[in-house]
4 protein chains.
Amino acid sequence: MQKADAADGGPAGATASGHQKRRARTERVVLDTTRELLAGSGFASLTIERVAERSGVAKSTIYRRYRSRNDLALAVLLDMLGDVSTLPYAKDTQTELTRLVNRTVDLMSNSLLGRIMQGLVSEVAADVELARTYRETVVAKRVREVTALVERGTARGELREGLDPELVTDLLLGPIYYRLFLSGEPLDEAFGQSLVAALYPAFAKDPQG
Amino acid sequence: MQKADAADGGPAGATASGHQKRRARTERVVLDTTRELLAGSGFASLTIERVAERSGVAKSTIYRRYRSRNDLALAVLLDMLGDVSTLPYAKDTQTELTRLVNRTVDLMSNSLLGRIMQGLVSEVAADVELARTYRETVVAKRVREVTALVERGTARGELREGLDPELVTDLLLGPIYYRLFLSGEPLDEAFGQSLVAALYPAFAKDPQG
Amino acid sequence: MQKADAADGGPAGATASGHQKRRARTERVVLDTTRELLAGSGFASLTIERVAERSGVAKSTIYRRYRSRNDLALAVLLDMLGDVSTLPYAKDTQTELTRLVNRTVDLMSNSLLGRIMQGLVSEVAADVELARTYRETVVAKRVREVTALVERGTARGELREGLDPELVTDLLLGPIYYRLFLSGEPLDEAFGQSLVAALYPAFAKDPQG
Amino acid sequence: MQKADAADGGPAGATASGHQKRRARTERVVLDTTRELLAGSGFASLTIERVAERSGVAKSTIYRRYRSRNDLALAVLLDMLGDVSTLPYAKDTQTELTRLVNRTVDLMSNSLLGRIMQGLVSEVAADVELARTYRETVVAKRVREVTALVERGTARGELREGLDPELVTDLLLGPIYYRLFLSGEPLDEAFGQSLVAALYPAFAKDPQG
DNA sequence: GACTAAGCGAGACGGTACGTCGCGTCTTAAA
DNA sequence: TTTAAGACGCGACGTACCGTCTCGCTTAGTC
């Protein structure tokens, strides 16, 4: 995306000028329309042309904000992810892991996000700019969450010391995305359960526990 | 891909008719050219038009065999995968796992296959036909290998009983593809090592071993 | 067309060799199929490809006989015209004229011939070879008929002396084709009547008659 | 053609907006290029692709205006006919007829129009839309001219009363187009002369005159 | 009763143009 | 200043037929 700034602000800071309000309104319309299109006919048929047509926003206006349809789709993804969190606080770490995994599984299989991710993954993998944004926001966020979880677990004496949070993230999310993107095996709660059940011994201080 | 026939044969069986020879020659040229293009400028700029131009094979002929550029790219992928195997026989299971993982990591980071996978993943995720072919060949192959590995390990008394080969596959490959597609973290031997080191306790009969 | 010969004959003349019979059978099938296609969906969608498909005759076989779809369509036209004649013998010349005109009008509006002519006219006008064949057969035939009619009429004392049969042909047929091709005005018996009624004074020895 | 609007005007009427100027310029370039191509290699080898290439106007832009090459060719024809008229005012009707016929003969044999007509006639005969446009403009125009001529002639007492202008048109133009399209007989002034000479008695009040 | 040659079907192929879609740029005029 | 409107050049799409060519099979009449 061209801009990730939120609190850019005009010269006067808080007092949004009229122009800025206009910008904001336009942006909302565009993002909402894009989301509808994605929900309707999938990522493959997402088109700046169609977004312009259905939203009533001129094509040139959209191009002023988003460099490409990928940029736009990513913006929607970030917009949706704004609220969502996989915040997994619980009494014990295994439960926290289960919640984190199940929340992700649910997000990917039952909301628009799964479809968007499927459509966007190739672009993220190929487009450096896109990748940068994706990693700085989404990936980093997940790693932060896992890091917190790992630290908490270690402090509680439940998790082995020296666990690499990045690797833990790979292990927790990798299998989910592998199913989402490639293997086509079911993405459901049962899967989440087995996943954590299989992984926990690898993380636990006392595997017998 | 439109056809997966292997031992089709002419009316008389082994003797390839003239038509078939011609077909085969054309097919080779197309696949090779496509591979070159993929190596050169990546999946995003793969175009049937360009393949036709550079290979000297008419566009219509290409379309007679491959329904789309995805179909074609998948064909190249399968063509490349024909030889390759991750067959990981070794004395002990941990070594086998390490080999399997490292071979996959290497394939994805050092050969064309990584780029092709990056470009193709969204299409596999979206196009039902493509997905079917991909799963019936590539995914199934990997699962078969892992199944063999797991059975061997269990028989040796190294691995826990009742391991689900599908889940094991998810755990072994998921993290690799997650790095390849999304996180952008390095895909190298060190990663392979840590991956197996982290997972082995989860698979082993006696985690202490 | 490449060949208009009928009694070409093999080495032995009258005794059609087996090969020739085969040829003839194939030719019939092709012509009949072509006619059906023309009747069905019109000249515009006449295609060698389709003729081959529906007739079961190989494309290459068709190309061995006809150089193009125009060639083929003209062959059908000549085939149909083989039987047909506008032979207009009657007691008086005005009746003969009326018959000739009405027969032509009928042919053009009620049989396949009208559609074929509509589709073929541009090709005849543009393709020299096609034109030559068309003129040597169809046009010449009509002129011969009109010539006979004019001579008979003059001999009977009904028609003016020195009438140019070619011009008479132009005058009799031109208006019909003009309606068929361009003006779209109705082609019916009423039109035929008015046409002859208007022209007769121009041809008659004694216009008052 | 898709649009026949002439005095459409922008929202404000007379002042052509910038967009409209651009449109008009593009249109001129396309029509001129098409005319050149028609003059050069004839209707048969008229191709939207080539028009685009030579004119520098994009194929898509051409398709935005003209539905097909026929549509485009017809547009050129109408464009050329815009100026031309066969208005044949003279002192006596026979001269007027001669002028009208000779002007048409000349137009068809010595200008591009003849070639265009030859190429277009089949399409006009087959394509309903095309036919409608052709008839509403060209055919109707000719009929109007002939109607005026007939009325004048009748008022002068030179022509028979009750002549059907449509039939007169058929008789005057039919033979010309018959030669142009089918018979291949010469289209020259001599022919025009004989044509009128032959027809005049059919129209005249007093054939002896 | 096998031989021979014309006729044929099958089908792969290179090629041209089609008509469509969406891209991203640019200009203009209104708000 | 920002926007809507919209014309445009461009590249690729996937399709339809073209006309050519090569390959063996069928099928008569011949030796």
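The structure displayed is predicted, hence computed values, not measured ones.
Set against F:dG9, F:dA28, E:dC13, the side chain of C:Arg25 has F:dA28 as its closest nucleotide. Which of F:dG14, F:dT26, E:dC13 sits closest to the side chain of B:Arg23 comes down to E:dC13. Candidate nucleotides E:dG14, E:dG22, E:dC18 were compared by shortest atom distance to the side chain of A:Thr47, and E:dG22 ranks first. Side-chain atoms of A:Thr26 lie closest to F:dT3 of the nucleotides F:dC13, F:dT3, F:dT22. In the set F:dT3, E:dG9, F:dA12, the nucleotide with an atom closest to the side chain of D:Lys59 is F:dA12. When each of F:dA7, F:dC13, F:dC17 is scored by its nearest atom to the side-chain atoms of B:Glu49, the top-ranked nucleotide is F:dC13. Among the nucleotides F:dA5, E:dC18, E:dA10, the one closest to the side chain of A:Ala58 is F:dA5. For D:Val57, whose side chain is taken as the heavy atoms from C-beta onward, the closest listed nucleotide among E:dA6, E:dG9, F:dG9 is F:dG9.
In this structure, the CD atom of B:Glu27 is 12 Å from the P atom of E:dA12, given to the nearest Å. The nearest whole Å value for the distance from the CG atom in A:Asn70 to the P atom in E:dG24 is 9 Å. Whole-Å rounding puts the D:Ile48 CD1 to E:dT20 P distance at 11 Å. F:dA16 atom C1' lies 12 Å from atom CD of C:Glu53, rounded to whole Å. The distance between atom CZ of D:Arg54 and atom P of E:dA17, rounded to the nearest whole Å, is 11 Å. Following rounding to the nearest Å, B:Arg22 (CZ) and F:dC21 (C1') show an atom-to-atom distance of 7 Å. In this structure, the CD atom of C:Glu123 is 12 Å from the P atom of F:dC18, given to the nearest Å. We find that CZ of C:Arg67 is positioned 11 Å from P of F:dT20, with the value rounded to whole Å.
Within the 3.5 Å criterion, the main-chain N or O of C:Val29 finds no donor-acceptor partner in the side chain of C:Ser55. In this structure a side-chain-to-backbone donor-acceptor pair under 3.5 Å is present from A:Arg115 to A:Ala39.
With respect to C:Glu129 and C:Arg132, a salt bridge is recorded, a charged nitrogen being found less than 4.0 Å from a carboxylate O.
Of the side-chain N and O atoms in A:Arg65, one or more sit less than 4.0 angstrom from OP1 or OP2 of F:dT3. Under 4.0 angstrom from either OP1 or OP2 of F:dA4 there lies at least one side-chain N or O belonging to A:Thr61.
Within the nucleic acid shown, B:Arg50 comes within 4.0 Å of sugar-phosphate atoms alone, with no base atom in reach, counting heavy atoms only. Base contact: D:Ser60 has a heavy atom under 4.0 Å from a base atom.
Place B:His19 and C:Arg69 on DNA chain F by their nearest nucleotides, and C:Arg69 ends up nearer the 5' end. The residue among B:Leu46 and D:Ala24 whose nearest nucleotide of DNA chain F lies closer to the 5′ end is D:Ala24.
Between the side chain of D:Ser68 and the base of E:dC18, no donor-acceptor pair under 3.5 Å is found. Scanning atom types as modelled, one donor and one acceptor separated by under 3.5 angstrom connect the side chain of B:Arg64 and the base of E:dG14.
Note that the OG1 atom of A:Thr34 and the CG atom of A:Leu72 stand 3.5 Å from one another [nearest 0.5 Å].
Side chains of C:Leu38 and C:Arg35 form no contact here, defined as non-hydrogen atoms less than 4.5 Å apart. The shortest distance between side-chain heavy atoms of D:Leu112 and D:Glu36 does not fall below 4.5 Å.
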